[in-house]
Amino acid sequence: IGPFVGAATRPIGGWISDKFGGSIVTQWISGVMVVSSVAVGYVMMQAYGSSTPEQYFTAFIGLFIVLFFATGIGNGSTFRTIGVIFDRTQAGPVLGWTSAIAAYGAFIAPVVIGAQIKAGTPQNAMYGFAVFYALCLFLNWWFYLRADSEIKNP
């Protein structure tokens with residue numbers, strides 16, 4: 001369900017970014033990703049410590065869908081931002097490189113989650129992702145949204 005939701009919402013992210021600006025949409029979506037990752041981690045921790053973990057399934061799946069929804073929107077806003085920041089000769093290679101990194105993320109995330117499940121601490125994977133998303137939020141603000149940033153890309 002998750003990858004489908006992410007793929008389906010990607011065009012929406014591009015459309016919203018055309019209206020409001022790619023970096024602004026990326027900023028808001030990064031915040032949603034931080035909060036939803038922490039929330040998924042918390043629900044996973046509660047489920048692991050419960051004698052009836054199935055009671056947490058609805059919250060878990062709902063929050064994970066929110067996370068995938070946000071990643072789709074963020075993907076669309078990021079690709080829109082690249083087209084604005086870079087000229088035509090640079091945009092193509094940057095889009096290709098970004099796609100390669102995104103594909104690696106789609107590979108590494110399940111590996112990290114799987115390793116943490118085996119260790120009995122799956123919430124740590126989600127908290128780690130939240131830290132990564134918070135770093136992305138900061139970098140987006142620093143390079144594109146702060147008052148004296150070199151590249152203005154609202």
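Any value given below was found using the heavy atoms of this structure, including those in side chains, with hydrogens, waters and symmetry copies removed. Computed from a predicted model, the values in this text were never measured in an experiment. All residue numbers refer to positions in the sequence shown, counting from 1.
Counting only heavy atoms from C-beta outward, the side chains of Asp18 and Arg80 approach each other to under 4.5 Å. Between Gln123 and Tyr42, every side-chain heavy-atom pair lies at or beyond the 4.5 Å cut-off. Side-chain atoms of Gln116 and Tyr127, non-hydrogen and from C-beta on, never get closer than 4.5 Å to each other. The side-chain heavy atoms of Trp97 and Pro93, taken from C-beta on, include no pair separated by under 4.5 Å. Contact of the Phe143 side chain with the Glu150 side chain is not registered, since no non-hydrogen atoms from C-beta on lie closer than 4.5 Å. In this structure the side chain of Ser99 reaches within 4.5 angstrom of the side chain of Phe79, judged on heavy atoms. By the 4.5 Å heavy-atom criterion applied to side chains, Tyr144 and Ile85 are counted as neighbours.
Hydrophobic clustering (side-chain heavy atoms under 4.5 Å, transitive across Ile, Leu, Val, Met, Phe, Trp, Tyr) keeps Phe138 apart from Val131. Ile61 and Met33 fall within the same hydrophobic cluster, defined by Ile, Leu, Val, Met, Phe, Trp and Tyr side-chain heavy atoms under 4.5 Å apart, directly or through other members. Cluster membership for Val112 and Met44, using ILVMFWY side-chain heavy atoms within less than 4.5 angstrom, is shared.
Ser77 approaches Val25 most closely through the heavy-atom pair CB-CG1, 3.7 Å. When all heavy atoms are compared, the tightest approach of Ala7 to Pro11 is O-CD, 3.5 Å. Closest approach of Pro53 to Ala47, counting heavy atoms only: CB-O, 3.3 Å. Among all heavy-atom pairs drawn from Val32 and Ala70, the shortest one is CG1-CB, 3.8 Å.
Heavy-atom contacts from other residues, nucleotides or ligands closer than 6.0 Å to CD1 of Ile1 number 12 or fewer. Counting non-hydrogen atoms of neighbouring residues, nucleotides and ligands closer than 6.0 angstrom, the CH2 atom of Trp141 exceeds 12 such neighbours. By the 6.0 Å contact criterion, OH on Tyr56 is enclosed, its count of non-hydrogen atoms from other residues, nucleotides or ligands being greater than 12. Summarising the local packing, OH of Tyr48 is surrounded by more than 12 heavy atoms from other residues, nucleotides or ligands at distances under 6.0 Å.
For the side-chain contact (heavy atoms from CB on, under 4.5 Å) test with Phe129, the passing option among Leu67, Ile113, Val34, Asn124 is Ile113; the others fail.
Distance CG/Asn140 to OH/Tyr133: 15.0 Å, rounded to 0.5 Å. Rounded to the nearest 0.5 Å, atoms CD1 (Ile151) and OG1 (Thr81) are 11.0 Å apart. Interatomic distance, Gln27 CD to Leu137 CG, rounded to the nearest 0.5 Å: 4.0 Å. To the nearest 0.5 Å, the span separating CZ on Phe86 from CG on Leu95 amounts to 9.0 Å. To the nearest 0.5 Å, atoms OG (Ser30) and CG (Leu135) are separated by 10.0 Å. Taken to the nearest 0.5 Å, the OG atom of Ser37 stands 8.0 Å off from the CZ atom of Phe64.
Remark: side-chain polar atoms of Thr9 are paired, donor with acceptor, to backbone N or O of Phe69 under 3.5 angstrom. Panel note: side chain Thr71, backbone Phe68; a donor-acceptor pair is recorded below 3.5 Å. In this structure a side-chain-to-backbone donor-acceptor pair under 3.5 Å is missing from Asn75 to Arg10. The closest donor-acceptor contact from the side chain of Arg146 to the backbone of Trp142 lies under 3.5 Å. When atom types are taken as modelled, the side chain of Ser50 and the backbone of Thr52 share a donor-acceptor pair closer than 3.5 angstrom.
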- Task: Could you check Gln90 against Ile82 for side-chain contact (heavy atoms from CB on, under 4.5 Å), going step by step and ending with a plain yes or no?
- Result: CA-CA 9 Å; Gln90 294 176 322; Ile82 289 168; over 6 Å; no
